[in-house]
Trainee: 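I'd like to ask some things about the structure below.
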Amino acid sequence: MERRWRRLLLGGLAALALAAAPGAQATPTARSPAPSPAAATTTPAVPTAPTDTPVRIGVLAYEGVEAAHYDWSHVAERLNAALPGRHFVLEFYDNAGLDAAVRQSQVEFVITNGGHYVTLEAALGVSRVATLDAPSADSSAAVGSAIIVRAERRDLTNLADLAGKKLAAVSPDAFGGYLVAAREFQRQGIDHESAFAERRFVGFPMSQVVEAVANGSADAGIVRACLLESMAQAGRLRLADFRVLAKRQVPGFPCLLSSDLYPDWAIATTAATAHDSPQLAKAVATALLSMPPTPEGMAWTVPADYQSVRELYRELQTGPYAYLRETTLQGLARRYWPWLVLVFLALTGWVIHVVRVEYKVLARTAELRAALAARDEAEARMRHHQEQSEHLSRLSILGELSSTLAHELNQPLATIGNYASSLRRRQEAGRLSPEAVSEASQEIAAQADRAAAIMQRIRAFSRKRAAVREPRAPGEVAGEAVALLTGMMANAPEIVVDDRLPAETTVDMDPLQIQQVLVNLLKNAVDATQGLPAARRTITLRLAPDPERPADKVRVAVIDQGPGLSAELRARLFEPFFTTKPDGLGLGLAICHSIIEAHGGHLWAESAANAFPGSHNADITGLALCFTLPCHEHDLAS
């Protein structure tokens, strides 16, 4: 009661002093204390430039103007005494009012709690010059919250019991009450914004929270630590009527509380004051730090570390860290900028990697295309040379057979001439009958067709053309080769075509190239049998499924009964420019070998005895030139 009356008396004196002071600001909540003569006589003055403009100190009046005036009037008294050229006045605000006053430069200094100071520091750039040093607690651990309930509420024993209950507090942004307690709720997994049935924010003074709990309009209340004790000391309540939930005992702290402790109130200079009047801020700090304790033991000390307050705001995502709840791009950027930087760096690295790989792929692709183009060009040149070689080979065969070819063509021409002479003589003798004319005409036409067929085959065989592939029956191509060879040779030996392939067998081949191979092999066989008895001049052309792969390969063998070749000569038979003939060039079999290889087959020479497996006839001599061709279309085994 004594303290309350003292507050009222000092408040009245401050109002009178404010009204009498020249240039004093007319603010409804402003109260200015009168200078204390005692303080002025005990504290050395700090020289400053005299001015008539008052220095305004905004004070957060969380318990009302009267209580705030009682609590902080010693500050104005001390400063007015220490800085006689200045006139310091106190102006009292709630949270929003003090924010507006700082923003509008209506105050030069502020006195507020640690939480509000951190908010002003982040938003408006205020800078603390001293921290309150209360006699009852350390200045760095002086502010906490008490969560109170009525003593008879036995159903409420811990913080979890408050879920679904009504909770009273001053305001959602009050530091020394709601926010400090909200952090404790959050630490225990209780959402302080949705866990309660109702949150009633009753505003200042904070004693309204106690009254709400006392009259039952709220199940619990959040107040600043020591409020209950001070109200009990003033006779406004009985401590036995209330309980503190989650009660903590902190050594050296005289009051019951439910939370951690945070730094005490701070006096801070605004950004404008620090910039325009740094000497004033320094003089205020010096005066307060050298101020002797008040009769209640209040003093000021060096600024405390408010990092614990900042951590509280960050955990609750409010105050300076309210942007952590923002879902806008700017808010997300401010909240997750380290991760965004990492993502940006990762994306940049990925893009660089992709570009580098793409560049290498393009370069490698260009190299590959150049290599493919060079290979295609080389293959084209090789095909051209191959075609030239094949053409020359065919012309060589025709050159070797030119003498016999003339004889072969001379026979039908001579027959035609003989029939023509016979017709002329019969006509001169008057013995030309219609039957004779008809018979002679038929023979002349037949011999002319024979000569034309020979010339057509020779022309087709000798023409220069590009390779083509088409499905053909191997027996049919073999018959054409035999007809071509025997048509160009006089006294051609007997060539037996032994076709053992299924009737439907076809092979994808260039018919002219295969025909060229057969004519070459048959002519070599004819050459090998020159001078032998007629019985040994017979040549066998055998077509059959390949014994090793009967399902998909055809084997063709040209077998003569000549003297044959040794194994050493057979091994070199397909080397270019190797020949066993005195007038040979050694290119024919090499070209045949390349043609068969190009068709996916294989050409080789072996003893004729091996071409007649199972005969066991030791008298069989000669050479067998064999080749295989793949048969993709038909299953020979079937």
Trainee: Within the 4.5 Å heavy-atom criterion, are R472 and E480 side-chain neighbours or not?
Mentor: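 Heavy-atom side-chain distance check passes, below 4.5 Å.
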Trainee: Under the rule for salt bridge (charged side-chain N to carboxylate O under 4.0 Å, His left out), what residues qualify as partners of R570, not counting sequence neighbours?
Mentor: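 None.
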Trainee: Is there a side-chain contact between T540 and D560 (heavy atoms, below 4.5 Å)?
Mentor: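 A side-chain contact is absent here, since even the closest heavy-atom pair is not under 4.5 Å.
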Trainee: Answer whether the closest heavy-atom distance between the side chains of I514 and I596 falls below 4.5 Å.
Mentor: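 Contact flag for I514/I596 side chains = yes.
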Trainee: Between the side chains of E367 and R364, is the shortest nitrogen-to-carboxylate-oxygen separation below 4.0 Å, so that they form an ion pair?
Mentor: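 So R364 pairs with E367 through a salt bridge.
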Trainee: Is the closest side-chain heavy-atom distance between E439 and E435 below 4.5 Å?
Mentor: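 In short, these two side chains do not touch, never coming nearer than 4.5 Å.
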Trainee: How far does CE of M509 sit from CZ of R469, to the nearest 0.5 angstrom?
Mentor: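 Spacing of CE (M509) from CZ (R469) equals 9.5 Å.
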Trainee: Are more than 12 heavy atoms, taken from residues, nucleotides or ligands other than E548, located less than 6.0 Å from that residue's CD atom?
Mentor: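 Count not over threshold, so no.
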Trainee: Find out whether L345 and V343 are in side-chain contact, i.e. whether some heavy atom of one side chain is under 4.5 Å from a heavy atom of the other.
Mentor: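 They are not in side-chain contact.
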Trainee: Could you report the tightest heavy-atom contact between C626 and A557, atom names first, then the distance?
Mentor: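 Scanning both residues, the minimum pair turns out to be SG-CB, 3.7 Å.
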Trainee: Please report the closest heavy-atom contact between S171 and D173, naming both atoms and the distance.
Mentor: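 That would be OG-OD1, 2.7 Å.
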Trainee: To check you understand the geometry: which heavy-atom pair defines the closest contact between Y419 and E443, and what is its length?
Mentor: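 In terms of heavy atoms, the two residues are closest at OH-CG, 3.0 Å.
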Trainee: Under the side-chain hydrogen bond (donor to acceptor under 3.5 Å, both in side chains) rule, what do D191 and S194 come out as? Steps first, then yes or no, please.
Mentor: CA-CA 6 Å; D191 187 349; S194 62; 2.8 Å; yes
Trainee: Applying side-chain hydrogen bond (donor to acceptor under 3.5 Å, both in side chains), which residue pairs with at least one partner in residues 344-362 are found, sequence neighbours left out?
Mentor: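 Passing the test, one end in residues 344-362: no pairs.
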Trainee: Between L124 and R103, is any pair of side-chain heavy atoms under 4.5 Å apart?
Mentor: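 Yes, side chains in contact.
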Trainee: If you measure from CZ on R310 to OG1 on T119, what distance do you get to the nearest 0.5 Å?
Mentor: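 Here the rounded value is 10.5 Å.
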Trainee: Is the shortest side-chain heavy-atom distance between I595 and F627 below 4.5 Å?
Mentor: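 The answer is no, as the side chains (C-beta and beyond) never meet within the 4.5 Å cut-off.
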Trainee: Return yes if some donor-acceptor pair links the side-chain N/O of T365 with the main-chain N/O of V361 below 3.5 Å, else return no.
Mentor: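 Judged by distance alone, yes, a pair lies under 3.5 Å.
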Trainee: Under a 4.0 Å threshold between the charged nitrogen and the carboxylate oxygen, would R549 count as salt-bridged to D546?
Mentor: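 Salt bridge: no.
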Trainee: Before you tell me yes or no, could you show the steps for V519 and V517 under side-chain contact (heavy atoms from CB on, under 4.5 Å), namely the whole-Å CA-CA distance, both residues' side-chain angles and the distance that decides it to 0.1 Å?
Mentor: CA-CA 6 Å; V519 168; V517 171; over 6 Å; no
Trainee: Could you check whether Y262 and F175 have their ring centres less than 6.0 Å apart?
Mentor: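 Yes, close enough.
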Trainee: Mind checking the CG-OG1 spacing from L629 to T506? Nearest 0.5 Å is all I need.
Mentor: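 Between atom CG of L629 and atom OG1 of T506 there are 11.5 Å.
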Trainee: Check whether any side-chain N or O of H599 sits under 3.5 Å from a backbone N or O of D510 as a donor-acceptor pair, and report yes or no.
Mentor: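 The answer is yes, because a donor-acceptor pair under 3.5 Å joins these two groups.
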Trainee: Please report the closest heavy-atom contact between A608 and I559, naming both atoms and the distance.
Mentor: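 The pair with the smallest heavy-atom distance is CB-CG2, 3.8 Å.
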Trainee: Donor-acceptor check, side chain of Q186 to backbone of E315, threshold 3.5 angstrom: yes or no?
Mentor: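 Checking the backbone N and O of E315 against the side chain of Q186, a donor-acceptor pair under 3.5 Å is found.
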Trainee: Which atom names give the shortest non-hydrogen contact between V180 and S259, and what distance separates them?
Mentor: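 For V180 and S259, the tightest heavy-atom pair comes out as CG1-OG, 3.0 Å.
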Trainee: Does L501 offer a backbone N or O that forms a donor-acceptor pair with the side chain of T505 under 3.5 Å?
Mentor: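 Pair absent, no side-chain N/O of T505 close to backbone of L501.
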Trainee: Checking R537 against Q530 for the side-chain contact (heavy atoms from CB on, under 4.5 Å) test, could you report, in this order, the C-alpha distance in whole Å, the side-chain angles of both residues, the deciding distance, and whether it holds?
Mentor: CA-CA 7 Å; R537 294 185 62 193; Q530 289 289 339; 4.1 Å; yes
Trainee: Indicate the ring-plane relationship of F185 and F196, choosing parallel, tilted or perpendicular according to the 30° and 60° boundaries.
Mentor: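 Ring orientation, 0 to 90° scale: perpendicular.
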Trainee: Could you tell me whether a side-chain N or O of T628 sits under 3.5 Å from a main-chain N or O of K553, the two making a donor and an acceptor?
Mentor: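 No, the answer is negative, given that no donor and acceptor are paired below the 3.5 Å cut-off.
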Trainee: Determine, stepwise, if the pair Q515 / L518 fulfils side-chain contact (heavy atoms from CB on, under 4.5 Å).
Mentor: CA-CA 5 Å; Q515 189 182 92; L518 289 173; 5.8 Å; no
Trainee: Counting distance only, does the side-chain N/O of N158 pair as donor-acceptor with the main-chain N or O of D161 below 3.5 Å?
Mentor: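 Yes: the side chain of N158 pairs with the backbone of D161.
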Trainee: Could you check R572 against E568 for salt bridge (Lys or Arg N to Asp or Glu O under 4.0 Å), going step by step and ending with a plain yes or no?
Mentor: CA-CA 7 Å; R572 301 186 57 191; E568 292 76 10; over 6 Å; no
Trainee: Please report the interatomic distance CG(L423) to CG(N418), rounded to the nearest 0.5 Å.
Mentor: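 One gets 11.0 Å once the value is rounded to the nearest 0.5 Å.
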Trainee: So, do Y178 and H192 have ring centers that fall under 6.0 Å from each other?
Mentor: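 They qualify: ring centres under 6.0 Å apart.
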Trainee: Do any N or O atoms from the side chain of S421 and from the backbone of G417 form a donor-acceptor pair under 3.5 angstrom?
Mentor: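 Pair found, side chain donor or acceptor close to backbone of G417.
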Trainee: Y313 side chain to G115 main-chain N or O, any donor-acceptor pair under 3.5 Å?
Mentor: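 Yes.
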Trainee: With sequence neighbours left out, write down each residue that passes side-chain contact (heavy atoms from CB on, under 4.5 Å) with Q427, or none if nothing qualifies.
Mentor: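 In terms of side-chain contact (heavy atoms from CB on, under 4.5 Å), with neighbours along the sequence ignored, Q427 is linked to L432.
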Trainee: So, do R542 and R555 sit near enough that their side-chain heavy atoms are less than 4.5 Å apart?
Mentor: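 A side-chain contact under 4.5 Å is absent here.
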Trainee: A quick test of your reading: do over 12 heavy atoms of other residues, nucleotides or ligands sit less than 6.0 Å from NZ of K165?
Mentor: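 Yes, because the 6.0 Å sphere around NZ of K165 holds more than 12 heavy atoms from other groups.
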Trainee: Determine, for R187 against E184, whether the closest basic-nitrogen to carboxylate-oxygen distance falls under 4.0 angstrom.
Mentor: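 Answer for the salt bridge query: yes.
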Trainee: I need the I539 CD1 to T529 OG1 distance, nearest 0.5 Å.
Mentor: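 One gets 4.5 Å once the value is rounded to the nearest 0.5 Å.
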Trainee: Do you see a donor-acceptor pair shorter than 3.5 Å between the side chains of D99 and H116?
Mentor: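 Per modelled atom types, D99 and H116 side chains form a pair under 3.5 Å.
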Trainee: If you measure from CD on E311 to CG on D260, what distance do you get to the nearest 0.5 Å?
Mentor: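 Rounded to the nearest 0.5 Å, the CD-CG separation comes to 10.5 Å.
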Trainee: Please lay out, stage by stage, how V507 and V477 fare under the test side-chain contact (heavy atoms from CB on, under 4.5 Å).
Mentor: CA-CA 10 Å; V507 173; V477 176; over 6 Å; no
Trainee: Would you call K523 and D527 a salt bridge, taking side-chain N to carboxylate O under 4.0 Å as the test?
Mentor: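 Yes.
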Trainee: Any sub-3.5 Å donor-acceptor pair from D498's side-chain atoms to L541's backbone N or O?
Mentor: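 Side chain of D498 to backbone of L541, a donor-acceptor pair under 3.5 Å: no, none is there.
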Trainee: Identify the heavy atoms of Q188 and L159 that sit nearest to each other, and give their distance.
Mentor: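 Q188 and L159 have their closest heavy atoms at NE2-CD1, 3.4 Å.
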